[in-house]
Amino acid sequence: MPKVLLTETISMELGAQDPWPQLIKMYQPYEVEQILLPDNSNCLAVQAYLKMCNLEFQVEPRRNAEYMSPSGRVPFIQCGAFVVSDFNGIVNFINSKGTSLSEELEATDKADMRAYISLVNDVLVNAEQYICWCEPKTLNNITKPRYGSVYPWPLNYILNWQKQSQITKKLKVLGWYNKTLDEVLEEVKNCCDALSERLESKTYFFGERPNELDALVFGHMFTIITTSLPDNLLANIINKYPTLVTFCKRIENSIFYSQAIDDIKQIETENWGRVLST
């Protein structure tokens, strides 16, 4: 077992013995000027999952969040003395603490859920990486300026080169680097076909309660359709599936917007209480 995976496994096992701290810290790159589509998708998926679990967390943007992470991937969370990275690792860690969104599912549904999670990771994640680091227009106009924006020259140039080399090497191993752009878009279309067919007219993918698959799909699809890229090739595909677009809007309104309203009301109540007491 690789050292990083072994370390995270031990952390999850030990972390399960401790109570939740009052606040979870989630580290990610800066949203406005730095973060790229693949990382933004993963960060939003983790935020959605934490909100679905009703866990309090605080987003901690760092320009070097990727290099702070134990796996080199973002986001990662600090939970007490333990640090866990990536969507799957964070979900497994939270499950080990006794909080699960899928524990009530039948065994067959759990197997199906894991299969769809693998589909999203195998297709949408790789397609996002391909568009950002292999498609010339997006690479030159969006990826390189954003990824290196927080570093001075020539460090920004060196880090861009290193990251591009790392991603292309990974995509070659997975058989994605040599795909044409049309082939990548066809993979995304097939993924959307499968997800749309599974969702049909249901509120969530498995019943009336969201789980990790809902958080993961929302994180990637919502980020794709709300991120402006040259030609918006991925967004154009997803927008052809009204079921998936409606699903994203539903989670945005129920998980993010409604909780923001509740937070504002709580702050107003606390402030009004202070006024009455003075």
Side-chain angles (χ1 to χ4, degrees), residues 36-53 86-88 91 100-102 104-132 135 138 171 174-176 179-258:
L36 298 177
L37 175 63
D39 291 340
N40 201 9
S41 297
N42 286 327
C43 291
L44 185 59
V46 170
Q47 288 188 42
Y49 186 76
L50 293 174
K51 285 180 177 290
M52 290 173 182
C53 292
D86 216 11
F87 180 83
N88 290 335
V91 169
S100 174
L101 298 178
S102 56
E104 297 180 357
L105 295 181
E106 299 290 340
T108 53
D109 285 338
K110 287 183 179 180
D112 288 345
M113 181 193 70
R114 287 192 290 268
Y116 282 104
I117 288 176
S118 295
L119 176 67
V120 173
N121 287 327
D122 291 343
V123 176
L124 293 185
V125 173
N126 289 329
E128 291 166 356
Q129 298 283 17
Y130 181 99
I131 291 294
C132 285
E135 197 278 310
T138 302
L171 292 177
L174 296 175
W176 276 74
K179 289 180 183 291
T180 65
L181 180 58
D182 287 339
E183 289 174 335
V184 169
L185 299 179
E186 184 65 21
E187 292 275 8
V188 174
K189 178 183 178 300
N190 292 336
C191 178
C192 289
D193 283 338
L195 291 171
S196 180
E197 183 179 349
R198 171 67 204 188
L199 184 61
E200 294 180 326
S201 59
K202 298 190 293 293
T203 304
Y204 301 109
F205 283 97
F206 291 89
E208 296 301 316
R209 292 183 56 192
N211 59 39
E212 48 263 47
L213 174 62
D214 298 281
L216 185 64
V217 172
F218 168 76
H220 286 275
M221 293 202 167
F222 185 85
T223 302
I224 288 172
I225 61 182
T226 57
T227 299
S228 180
L229 295 176
D231 301 326
N232 290 320
L233 298 172
L234 299 181
N236 291 339
I237 294 175
I238 295 175
N239 283 324
K240 294 179 181 179
Y241 294 84
T243 300
L244 298 177
V245 174
T246 301
F247 165 81
C248 290
K249 292 179 179 178
R250 182 186 303 120
I251 290 188
E252 179 194 19
N253 291 330
S254 63
I255 304 297
F256 286 87
Y257 181 74
S258 64

Taking the side chain as C-beta and beyond, is there a heavy-atom pair between [X] and [Y] under 4.5 Å?
{"X": "Asn88", "Y": "Leu216", "result": "no"}
{"X": "Phe222", "Y": "Thr226", "result": "yes"}
{"X": "Pro210", "Y": "Ile251", "result": "no"}
{"X": "Glu186", "Y": "Asn190", "result": "yes"}
{"X": "Leu234", "Y": "Leu37", "result": "yes"}
{"X": "Val188", "Y": "Leu233", "result": "no"}
{"X": "Phe87", "Y": "Glu212", "result": "yes"}

Roughly how far, to the nearest 0.5 Å, is the [atom2] atom of [Y] from the [atom1] atom of [X]?
{"X": "Asp109", "Y": "Arg114", "atom1": "CG", "atom2": "CZ", "value": "10.5 Å"}
{"X": "Cys248", "Y": "Ile238", "atom1": "SG", "atom2": "CD1", "value": "7.0 Å"}
{"X": "Leu174", "Y": "Gln129", "atom1": "CG", "atom2": "CD", "value": "10.0 Å"}
{"X": "Ile117", "Y": "Asp214", "atom1": "CD1", "atom2": "CG", "value": "9.5 Å"}

>> Asn211 vs Tyr49, test: side-chain hydrogen bond (donor to acceptor under 3.5 Å, both in side chains). Steps then yes/no.
In response: CA-CA 8 Å; Asn211 59 39; Tyr49 186 76; over 6 Å; no
Any sub-3.5 Å donor-acceptor pair from [X]'s side-chain atoms to [Y]'s backbone N or O?
{"X": "Asp122", "Y": "Leu119", "result": "no"}
{"X": "Thr180", "Y": "Glu183", "result": "yes"}
{"X": "Glu135", "Y": "Thr138", "result": "yes"}
{"X": "Tyr204", "Y": "Leu213", "result": "no"}
{"X": "Asn40", "Y": "Leu36", "result": "no"}
{"X": "Tyr130", "Y": "Lys179", "result": "yes"}

>> I'd like to know if Glu104 and Arg209 make a salt bridge, using a cut-off of under 4.0 Å between side-chain N and carboxylate O.
In response: yes
Taking all non-hydrogen atoms of both residues, which atom of [X] and which atom of [Y] are closest, and how far apart?
{"X": "Leu195", "Y": "Phe205", "answer": "O-CE2, 3.4 Å"}
{"X": "Val184", "Y": "Trp176", "answer": "CG1-CZ3, 3.9 Å"}
{"X": "Ser196", "Y": "Thr243", "answer": "OG-CB, 3.9 Å"}
{"X": "Glu128", "Y": "Pro38", "answer": "OE1-CA, 3.4 Å"}
{"X": "Phe247", "Y": "Thr203", "answer": "CD1-O, 3.9 Å"}
{"X": "Gln47", "Y": "Phe256", "answer": "OE1-CE2, 4.1 Å"}

> Quick one: is the NZ or CZ of Arg250 closer than 6.0 Å to the six-membered ring centre of Phe218, and within 45° of its axis?
Replying inline: no
> Are Asn236 and Asp231 close enough, and set up right, to give a side-chain contact (heavy atoms from CB on, under 4.5 Å), and what steps lead you there?
Replying inline: CA-CA 9 Å; Asn236 291 339; Asp231 301 326; 5.7 Å; no
>> Between His220 and Asn42, is the side-chain contact (heavy atoms from CB on, under 4.5 Å) condition met? List the steps.
In response: CA-CA 7 Å; His220 286 275; Asn42 286 327; 3.4 Å; yes
>> Working note: Lys240 + Cys192, criterion side-chain contact (heavy atoms from CB on, under 4.5 Å); need CA distance, chi angles, decisive distance, verdict.
In response: CA-CA 9 Å; Lys240 294 179 181 179; Cys192 289; over 6 Å; no
>> Does Thr227 form a side-chain contact (heavy atoms from CB on, under 4.5 Å) with Leu229? I'd like the steps, not just the answer.
In response: CA-CA 6 Å; Thr227 299; Leu229 295 176; 4.1 Å; yes
